[in-house]
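Pasting in a structure now, in C-alpha coordinates, and then I'll have a few things to ask.
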Amino acid sequence: MLKRWLISILVNALILIVVAGYFDSFYLSGIWAAIGASFILSVLNVLVKRFLILLTLPVTVLTLGFFLFIINAITLMITEGLMGDAFNIDGFGAAILAAIVMALLNLMIQKAIIEPLQKDK
(Lines give C-alpha, C1' and ligand atoms only; values in the text may rest on other atoms or scores of the structure.)
Protein backbone atom coordinates (compact mmCIF):
# COMPACT_ATOMS: atom_id res chain seq x y z
CA MET A 1 0.00 0.00 0.00
CA LEU A 2 2.79 2.44 0.92
CA LYS A 3 4.75 1.42 -2.17
CA ARG A 4 1.74 2.13 -4.41
CA TRP A 5 1.25 5.54 -2.75
CA LEU A 6 4.92 6.49 -3.22
CA ILE A 7 4.80 5.42 -6.87
CA SER A 8 1.65 7.51 -7.29
CA ILE A 9 3.40 10.56 -5.79
CA LEU A 10 6.39 10.13 -8.11
CA VAL A 11 4.18 9.63 -11.18
CA ASN A 12 2.14 12.72 -10.31
CA ALA A 13 5.35 14.71 -9.75
CA LEU A 14 6.52 13.68 -13.21
CA ILE A 15 3.15 14.68 -14.68
CA LEU A 16 3.34 18.05 -12.91
CA ILE A 17 6.79 18.61 -14.43
CA VAL A 18 5.48 17.73 -17.90
CA VAL A 19 2.50 20.08 -17.53
CA ALA A 20 4.78 22.87 -16.28
CA GLY A 21 7.02 22.32 -19.30
CA TYR A 22 4.16 22.71 -21.77
CA PHE A 23 2.16 25.56 -20.24
CA ASP A 24 3.61 28.97 -19.44
CA SER A 25 0.77 29.61 -17.00
CA PHE A 26 1.86 26.65 -14.84
CA TYR A 27 5.16 27.07 -12.94
CA LEU A 28 7.21 24.74 -10.74
CA SER A 29 10.54 25.82 -9.29
CA GLY A 30 12.09 22.35 -9.57
CA ILE A 31 11.79 18.64 -9.01
CA TRP A 32 11.48 18.96 -5.23
CA ALA A 33 8.65 21.43 -5.68
CA ALA A 34 6.95 18.89 -7.97
CA ILE A 35 7.37 16.13 -5.38
CA GLY A 36 6.10 18.44 -2.61
CA ALA A 37 3.13 19.54 -4.69
CA SER A 38 2.38 15.93 -5.56
CA PHE A 39 2.47 14.97 -1.88
CA ILE A 40 0.18 17.85 -0.90
CA LEU A 41 -2.14 17.01 -3.78
CA SER A 42 -2.38 13.38 -2.66
CA VAL A 43 -3.23 14.44 0.90
CA LEU A 44 -5.84 16.90 -0.40
CA ASN A 45 -7.30 14.17 -2.60
CA VAL A 46 -7.86 12.06 0.50
CA LEU A 47 -9.09 14.81 2.81
CA VAL A 48 -10.76 17.50 0.70
CA LYS A 49 -11.63 16.00 -2.67
CA ARG A 50 -14.00 13.38 -1.26
CA PHE A 51 -15.87 16.07 0.67
CA LEU A 52 -16.10 18.27 -2.43
CA ILE A 53 -17.36 15.36 -4.52
CA LEU A 54 -20.03 14.57 -1.94
CA LEU A 55 -21.00 18.24 -1.68
CA THR A 56 -21.30 18.67 -5.46
CA LEU A 57 -22.75 15.25 -6.27
CA PRO A 58 -25.91 16.57 -7.99
CA VAL A 59 -23.88 18.86 -10.27
CA THR A 60 -21.40 16.06 -10.98
CA VAL A 61 -24.21 13.71 -11.97
CA LEU A 62 -25.89 16.36 -14.16
CA THR A 63 -22.61 17.05 -15.99
CA LEU A 64 -21.92 13.32 -16.39
CA GLY A 65 -18.80 13.58 -14.25
CA PHE A 66 -17.20 16.51 -16.04
CA PHE A 67 -17.52 18.62 -12.89
CA LEU A 68 -14.77 16.43 -11.43
CA PHE A 69 -12.30 18.44 -13.53
CA ILE A 70 -13.46 21.55 -11.65
CA ILE A 71 -12.90 19.76 -8.35
CA ASN A 72 -9.43 18.69 -9.51
CA ALA A 73 -8.69 22.29 -10.49
CA ILE A 74 -9.82 23.45 -7.04
CA THR A 75 -7.43 20.99 -5.37
CA LEU A 76 -4.65 22.23 -7.66
CA MET A 77 -5.38 25.82 -6.63
CA ILE A 78 -5.35 24.86 -2.95
CA THR A 79 -2.02 23.11 -3.50
CA GLU A 80 -0.70 26.25 -5.19
CA GLY A 81 -1.77 28.30 -2.18
CA LEU A 82 -0.01 25.96 0.22
CA MET A 83 3.21 25.75 -1.82
CA GLY A 84 3.89 29.48 -2.07
CA ASP A 85 6.33 30.67 -4.74
CA ALA A 86 7.56 27.18 -5.61
CA PHE A 87 4.32 26.34 -7.44
CA ASN A 88 2.27 28.88 -9.35
CA ILE A 89 -0.81 28.66 -11.58
CA ASP A 90 -1.95 31.78 -13.45
CA GLY A 91 -5.70 31.61 -12.92
CA PHE A 92 -8.48 29.10 -12.60
CA GLY A 93 -8.70 28.49 -16.35
CA ALA A 94 -5.10 27.32 -16.37
CA ALA A 95 -5.88 25.07 -13.39
CA ILE A 96 -8.81 23.48 -15.27
CA LEU A 97 -6.66 22.91 -18.34
CA ALA A 98 -3.89 21.44 -16.18
CA ALA A 99 -6.40 19.18 -14.40
CA ILE A 100 -7.66 17.82 -17.72
CA VAL A 101 -4.15 17.21 -19.06
CA MET A 102 -3.07 15.61 -15.77
CA ALA A 103 -6.08 13.29 -15.79
CA LEU A 104 -5.34 12.20 -19.36
CA LEU A 105 -1.64 11.65 -18.65
CA ASN A 106 -2.47 9.73 -15.48
CA LEU A 107 -4.86 7.51 -17.43
CA MET A 108 -2.28 6.83 -20.16
CA ILE A 109 0.48 6.01 -17.64
CA GLN A 110 -1.89 3.78 -15.67
CA LYS A 111 -3.00 1.81 -18.75
CA ALA A 112 0.34 1.66 -20.57
CA ILE A 113 2.82 1.12 -17.72
CA ILE A 114 1.40 0.43 -14.28
CA GLU A 115 -1.34 -2.11 -15.14
CA PRO A 116 0.93 -4.24 -17.37
CA LEU A 117 3.57 -4.30 -14.63
CA GLN A 118 0.97 -5.41 -12.07
CA LYS A 119 -0.23 -8.19 -14.37
CA ASP A 120 3.29 -9.62 -14.58
CA LYS A 121 3.40 -10.22 -10.80
Hydrophobic clusters here meaning ILVMFWY residues chained together by side-chain heavy-atom distances under 4.5 Å, can you tell me if Y27 and I15 are in one?
no
Say you draw a straight line from CG of N88 to CG of D90; how long is it, rounded to the nearest 0.5 Å?
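If we round to the nearest 0.5 Å, N88:CG and D90:CG are 5.5 Å apart.
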For residues W32 and F39, establish whether the separation of their ring centroids is below 6.0 Å.
no
Let me confirm one number: the CG-CG distance from L41 to L76, rounded to the nearest 0.5 Å.
5.5 Å
Spell out, yes or no, whether L47 and L52 are grouped together once hydrophobic residues are joined by side-chain heavy atoms under 4.5 Å, including indirect joins.
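They do share one cluster, since a chain of ILVMFWY contacts under 4.5 Å joins L47 to L52.
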Quick one: are F87 and I89 in side-chain contact, heavy atoms under 4.5 Å?
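They are in contact (side-chain heavy atoms under 4.5 Å apart), so the answer is yes.
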Going hydrophobic residue to hydrophobic residue with side-chain gaps under 4.5 angstrom, can you get from M108 over to M102?
yes
Whether T63 side chain and F67 backbone form a donor-acceptor pair below 3.5 Å:
yes
Check for a donor-acceptor pair, side chain of S8 on one end and backbone N or O of R4 on the other, with a separation under 3.5 Å.
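No; zero donor-acceptor contacts below 3.5 Å.
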Residue pair A95 / M77: nearest heavy atoms and the distance that separates them
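Closest approach of A95 to M77, heavy atoms only: CB-SD, 3.6 Å.
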Indicate yes or no: at least one non-hydrogen side-chain atom of T60 is less than 4.5 angstrom from one of F66.
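No; the side chains remain at least 4.5 Å from each other.
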Check for me, please, whether F69 and L107 land in the same ILVMFWY cluster - side-chain distances under 4.5 Å, paths through other members count.
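Unlinked, F69 and L107 end up in two clusters.
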One should read off an interatomic distance between T75 OG1 and I70 CD1, to the nearest 0.5 angstrom, of 11.0 Å
Separation of I35 CD1 from I31 CD1 (nearest 0.5 Å)
5.0 Å
Where do L16 and S38 land on the side-chain contact (heavy atoms from CB on, under 4.5 Å) test, with the steps shown first?
CA-CA 8 Å; L16 285 170; S38 179; 4.2 Å; yes
Would you indicate whether F92, at its atom CZ, is surrounded by more than 12 heavy atoms from other residues, nucleotides or ligands within a distance under 6.0 Å?
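Yes - once you tally the heavy atoms of other residues, nucleotides and ligands closer than 6.0 Å, there are more than 12.
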How far does CD1 of I74 sit from CD1 of I96, to the nearest 0.5 angstrom?
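Output value for this atom pair is 8.5 Å.
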